[in-house]
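Structure first, commentary second.
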Amino acid sequence: MKTAIVWFRRDLRVDDNPALAAALENFERIVPLYIQSPHANDDWEEGSASRWWLHHSLEELDKSLRNLGSRLIIQRGESLGSLMEILKITGAEAVFWNRRYTPGEVRLDTAIKADLKTRGVAVHTYNSSLLKEPWEHLKPNGGPYRVFTPFWKAYLASGFSVSPEDPPCRMAPPPESLVGDRLGSLNLLPKIPWDQGLREAWVPGEVSAQRQLRRFLEGPASAYAEARDYPGTRGTSRLSPHLHFGEISPRRIAAEIMRYCRPGDHGVDVFIKEVGWREFAYHLLYHFPHTDQNPLDERFLGFPWPTYDGEAYASWTRGLTGYPIVDAGMRELWHTGWMHNRVRMIAASFLTKNLLIHWSKGAEWFWDTLVDADLAANTLGWQWTAGCGADAAPYFRIFNPVLQGERFDASGEYVRRWIPELKQVPNAWIHHPFDLTAQELEAYGVVLGHDYPAPIVELKGTRERALAAFAAIKSGPDSN
Ligand code: FAD
């Protein structure tokens with residue numbers, strides 16, 4: 001039987017999966033394969049929350065494949081060695097996969113492709129996770145974009161496909177003798193069961209991703225333009241982990257938007273623009289592969305970061321800074337593996353500007369705790385907030401967590417959800433309880449420093465310290 005391998009990676013779905021569709025068109029039997037390699041790439045290894053998601057996502061992919069008559073084969077081991085082994089056992093003639101874009105993934109995939117070809121194995125690769133690939137969209141002078149607005153304007157003007165491929169109806173199963181490793185043997189789930197919050201907040205997998213998209217388009221999408229900034233409401237799609245693991249494609253999202261919404265619907269325009277930020281993030285990391293470690297704006301190589309303050313960092317990670325909106329965000333992250341975008345910006349600004357802790361320390365924490373941890377989007381988000389990335393926030397934009405809280409969580413709903421110890425504090429003080437007297441606080445059931453911390457730093461002085469540090473480097477030429 002003419003057999004091919006479809007190597008699943010960041011495309012854990014059967015819907016709109018071009019590699020799977022192409023393989024099915026040309027081969028009678030498909031071996032759906034996932035390889036858990038100790039060196040899947042030379043990028044950052046999956047964090048704890050991502051590993052939790054991956055376990056469940058693989059389980060769901062197996063279910064999708066079984067519904068079609070097939071099943072997922074899981075292999076532990078080096079990618080090339082595992083591919084060679086399965087090729088040998090099954091007599092497969094070709095390998096199909098969807099392309100990946102982070103620097104380590106590109107290096108690895110390029111080497112594997114070359115190796116397989118020299119061994120006479122045909123390799124066919126496709127785009128499944130971006131509206132356009134990073135090399136397809138360049139400035140008129142042939143260089144990569146560094147500023148979002150012209151990037152996105154040209155993206156929209158040149159157009160992209162909104163014709164996803166439907167999932168297959170049936171698939172012939174892989175040979176019965178092919179067993180593979182058990183999902184549990186990948187040890188993706190935590191040994192100490194800290195994942196209850198994740199289980200309450202999420203259902204990984206492509207069925208859930210499509211349900212989540214429909215729920216969003218039928219509900220919050222039309223008000224997205226305004227509601228997306230308010231962390232107390234469910235105003236955003238929460239599709240980020242599904243997109244990261246490829247449980248849904250941006251093409252499917254764009255097609256569903258066209259089906260559900262009227263053209264010119266402002267909420268939807270803003271939403272698709274946010275998906276555009278994801279495309280921009282991949283564009284940047286692809287063209288500037290050093291930026292997961294180093295600033296895009298090279299002036300920042302000389303930024304006078306003070307000696308690392310481990311105690312302040314620990315308070316930030318635990319949601320114990322004394323600034324309620326920052327702490328609520330950090331606790332939401334710890335509990336659910338996700339944080340609202342507005343609060344990500346506030347928490348990241350607090351770390352990099354008020355605490356003057358290097359953005360990479362924040363990126364590392366997010367990497368381990370986010371279920372949507374994504375090297376491209378995380379790098380963009382941290383460098384943007386720190387002021388050292390493409391199209392970055394200007395250096396003088398230092399989010400004031402009290403004013404941000406009052407503006408975007410005026411009713412204190414978000415803060416009270418994550419910091420129950422402040423539940424009784426009235427709205428007027430919920431974002432700065434430290435301005436109340438000890439007696440007033442006591443009336444609301446709070447002893448500062450006991451029930452909830454006093455601020456670990458004050459805002460005015462730390463803001464001035466940050467501005468002085470920025471002044472030290474801003475005289476250099478801007479590389480943006
Ligand atoms: P929606 O508002 O519904 O947006 C739809 C989709 O667009 C998202 O699912 C996401 O894929 C994409 N998107 C939206 N905003 C951005 C953005 N600013 N940059 C890139 N893509 C975007 N996003 C990640 O997916 N992974 C990360 O690791 C990540 N780290 C971040 C770190 C910092 C410091 C900051 C400020 C932002 C980070 N973001 C990251 C971007 C953003 O916060 C999340 O994509 C968003 O909160 C996800 O929620 P949602 O799916 O409801 O988004």
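Every number for a ligand or one of its atoms is a count from 1 in the order of the listing. Side chains are part of it too, since the values below use all heavy atoms of this structure and drop only hydrogens, waters and symmetry mates. FYI, the numbering just counts along the sequence from 1.
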- [ ] Answer yes if the side chains of Glu133 and Tyr101 hold a donor-acceptor pair under 3.5 Å, and no otherwise.
- [x]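 The answer is yes; a qualifying pair exists.
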pair [X]-[Y]: side-chain heavy atoms closer than 4.5 Å:
X      : Y      : result
Gln36  : Leu188 : yes
Thr369 : Met339 : no
Tyr260 : Glu218 : yes
Phe350 : Val457 : yes
Tyr323 : Phe434 : yes

Task: Sequence neighbours excluded, every pair satisfying salt bridge (charged side-chain N to carboxylate O under 4.0 Å, His left out) that has a member inside residues 193-203 - done: Asp195-Arg199
Heavy-atom nearest neighbour of [atom] within options [options]:
atom                    : options                        : result
atom 2 (O) of ligand 1  : Tyr282, Tyr224, Phe280         : Tyr224
atom 25 (O) of ligand 1 : Pro241, Gly47, Ser240          : Ser240
atom 6 (C) of ligand 1  : Val270, Leu243, Leu351, Thr385 : Leu243
atom 29 (C) of ligand 1 : Arg344, Glu279, Arg234         : Arg344
atom 43 (O) of ligand 1 : Asn341, Asp372, Thr379, Leu370 : Asn341

Would you say [X] contacts ligand 1, with heavy atoms under 4.0 Å as the rule?
X      : value
Arg238 : yes
Arg228 : no
Trp384 : no

- [ ] Return a yes/no value for His340: is any of its N or O atoms, backbone included, closer than 3.5 angstrom to an N or O of ligand 1?
- [x] no
Task: Salt bridge present between Asp16 and Arg251 (N-O < 4.0 angstrom) - done: yes
Open item on the list: Taking Glu421 first and then Arg331, would you say they form a salt bridge - that is, a charged N and a carboxylate O separated by under 4.0 Å?
Closed with: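 Arg331 and Glu421: salt-bridged.
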Below a 4.0 angstrom heavy-atom separation, can you tell me which part of [X], side chain or backbone, both or neither, approaches ligand 1?
X      : answer
Trp338 : side chain
Phe366 : side chain
Ala373 : backbone
Phe216 : neither

Protein contact to [atom] [nearest heavy atom, distance to 0.1 Å]:
atom                    : answer
atom 17 (C) of ligand 1 : Trp277 CB, 3.8 Å
atom 28 (O) of ligand 1 : Asp374 N, 3.1 Å
atom 15 (N) of ligand 1 : Glu274 OE1, 3.2 Å
atom 32 (C) of ligand 1 : Asn378 OD1, 3.4 Å
atom 3 (O) of ligand 1  : Ser237 OG, 2.6 Å
atom 23 (N) of ligand 1 : Ala377 CB, 3.5 Å
atom 35 (C) of ligand 1 : Gly381 CA, 3.6 Å

- [ ] Return the orientation label for the Phe271 and Phe216 ring planes: parallel under 30°, perpendicular over 60°, tilted otherwise.
- [x] tilted
Just distance, no hydrogens or angles: give the donor-acceptor pairs under 3.5 Å from side chains in residues 157-165, sequence neighbours left out.
{"unit_1": "Ser158", "atom_1": "OG", "unit_2": "Lys132", "atom_2": "NZ", "d": "2.3"}
{"unit_1": "Ser158", "atom_1": "OG", "unit_2": "Ala154", "atom_2": "O", "d": "2.8"}
{"unit_1": "Ser158", "atom_1": "OG", "unit_2": "Tyr155", "atom_2": "O", "d": "3.3"}
{"unit_1": "Ser161", "atom_1": "OG", "unit_2": "Ser163", "atom_2": "N", "d": "3.2"}

TODO: Establish, for the pair Arg344 and Trp384, whether the NZ or CZ atom is under 6.0 angstrom from the six-membered ring centre and no further than 45 degrees off its axis.
DONE: no
TODO: Under 4.0 Å from a heavy atom of Leu239: give me the atoms of ligand 1 that qualify, with their elements.
DONE: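 Listed by number with element, the hits are 9 (O), 51 (O).
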TODO: Enumerate the atoms of ligand 1 whose separation from the nearest heavy atom of Trp382 is less than 4.0 angstrom.
DONE: 32 (C), 34 (C)
Open item on the list: To the closest 0.5 Å, what do you measure between NE2 (His283) and CZ (Arg146)?
Closed with: 10.0 Å
